[in-house]
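Written out below as structure tokens is the structure these notes cover.
This structure is a prediction, so every number in the text was calculated from the model and none was measured.
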Amino acid sequence: MTDSQYVVTRLTKTTPTWEDRGWMDIINANIWRNAWHLVRSRTGNTLIDKVEAHTGIRSNEEADRLAKEGVDGQVEITPSLEVPAGWQLEGVRLSETTYTSTYEWIRKREAKAKATCSPENVERVLEELLKTHNIWTTEAKLWLSLRKPYMRREVSDFLWLMIHGRSQCGTMFIKWGLEWEDLQFCDCGAVESMEHILTH
């Protein structure tokens, strides 16, 4: 039961199509996936009734009250949006997609798989700027500073590689296989990093 035609339409018509298309480009996909899992995991028939808002229907008024408390930040319990592994369908239904949308889906999934250490490194750079030079700046300004015309391209590229952890030293060699494992260590025995190279 809901007073939202938007929710009724999404759960009865749109959500199955979203699932067939691999949930690509869906705003709040985690919420809709969870709702769709709750509907599909029921053993009986699920009827979704659209009711008029603010007409005294107790369960609907209670839902409105809880939603308002959530928006106002009065509710401390965050509902779990976890979908059990057995219900997480991955992929797209080929009959529901085009060549272009399938290519886009694959491209976005591969982009998510790439890991980067830049968030941690950016945080370290910002902390170090503040602690050492008493310079407070934002992440956006830090990235933009690498594009300044007064910075030589080689320096800019070097800093970009360092922030993204793309330098060819240290733990990077582990990714190449066990035969490269010994190359991650410096002559002093420490795991090599650009920080270690520049400061020791």
Side-chain angles (χ1 to χ4, degrees), residues 1-73 75-123 139-140 143 147 160-161 163-166 171-172 174-178 180:
M1 178 184 308
T2 178
D3 59 19
S4 169
Q5 185 60 50
Y6 175 80
V7 170
V8 172
T9 303
R10 293 297 171 262
L11 286 178
T12 58
K13 295 179 181 174
T14 317
T15 310
T17 305
W18 286 345
E19 182 179 49
D20 289 344
R21 293 181 182 168
W23 303 97
M24 188 176 70
D25 293 333
I26 306 302
I27 296 171
N28 297 321
N30 59 334
I31 296 171
W32 289 112
R33 275 184 95 156
N34 180 261
W36 188 229
H37 153 254
L38 294 173
V39 170
R40 291 185 61 207
S41 61
R42 288 177 43 84
T43 54
N45 291 333
T46 302
L47 301 174
I48 301 173
D49 289 332
K50 164 74 170 74
V51 297
E52 292 298 319
H54 312 294
T55 54
I57 299 172
R58 184 173 177 214
S59 55
N60 191 54
E61 296 295 332
E62 183 67 11
D64 284 347
R65 184 185 67 76
L66 290 172
K68 185 175 184 324
E69 285 181 6
V71 170
D72 293 342
V75 179
E76 294 180 9
I77 300 170
T78 303
S80 171
L81 297 176
E82 190 77 26
V83 176
W87 288 94
Q88 291 183 19
L89 302 177
E90 298 296 330
V92 295
R93 187 182 301 267
L94 292 178
S95 62
E96 295 294 324
T97 188
T98 63
Y99 174 81
T100 303
S101 60
T102 302
Y103 175 77
E104 189 67 19
W105 182 82
I106 291 169
R107 192 178 64 78
K108 287 189 177 182
R109 284 184 54 97
E110 286 178 351
K112 286 182 184 174
K114 292 177 182 175
T116 178
C117 60
S118 61
E120 293 86 9
N121 287 341
V122 165
E123 192 174 316
E139 182 177 342
W143 287 116
R147 298 182 182 176
W160 189 92
L161 288 170
I163 290 173
H164 281 85
R166 302 280 194 236
T171 56
M172 181 218 59
I174 296 174
K175 298 175 187 174
W176 292 5
L178 293 175
W180 297 88

E61 with R58: basic N within carboxylate O range, under 4.0 Å: no
Can you measure from CG (L38) to CG (L81) and round to the nearest 0.5 angstrom? 9.5 Å
Under a 4.5 Å cut-off applied to non-hydrogen side-chain atoms, are V51 and T2 in contact? no
Does any part of the side chain of D64, heavy atoms only, come nearer than 4.5 Å to the side chain of K68, both counted from C-beta? no
When you compare the side chain of R21 with that of R93, does any pair of heavy atoms fall below 4.5 Å? no
Separation between CG of N60 and OG1 of T55, rounded to the nearest 0.5 Å: 6.5 Å
CD-CG distance between E62 and L66, expressed to the nearest 0.5 angstrom: 5.0 Å
Which residue pairs pass the side chain to side chain donor-acceptor pair (under 3.5 Å) test when at least one of the two sits in residues 29-39, sequence neighbours left out? E19-W36
Spacing of N28 atom CG and I26 atom CD1 [to the nearest 0.5 Å]: 10.5 Å
Assess whether atom CD of Q5 is packed by more than 12 heavy atoms of other residues, nucleotides or ligands within 6.0 Å. yes
Counting heavy atoms not belonging to W176, are there more than 12 under 6.0 Å from its CH2? yes
Point-to-point distance, once rounded to the nearest 0.5 Å, from CG of D3 to NZ of K50: 6.0 Å
Could you check whether any side-chain heavy atom of T15 comes within less than 4.5 Å of a side-chain heavy atom of V39, counting everything from C-beta outward? no
Could you check whether any side-chain heavy atom of V122 comes within less than 4.5 Å of a side-chain heavy atom of W143, counting everything from C-beta outward? yes
Determine whether more than 12 heavy atoms belonging to other residues, nucleotides or ligands lie under 6.0 Å from atom OH of Y99. no
Reported CD1-to-CG distance for the pair I48 and L11, which is rounded to 0.5 angstrom: 4.5 Å
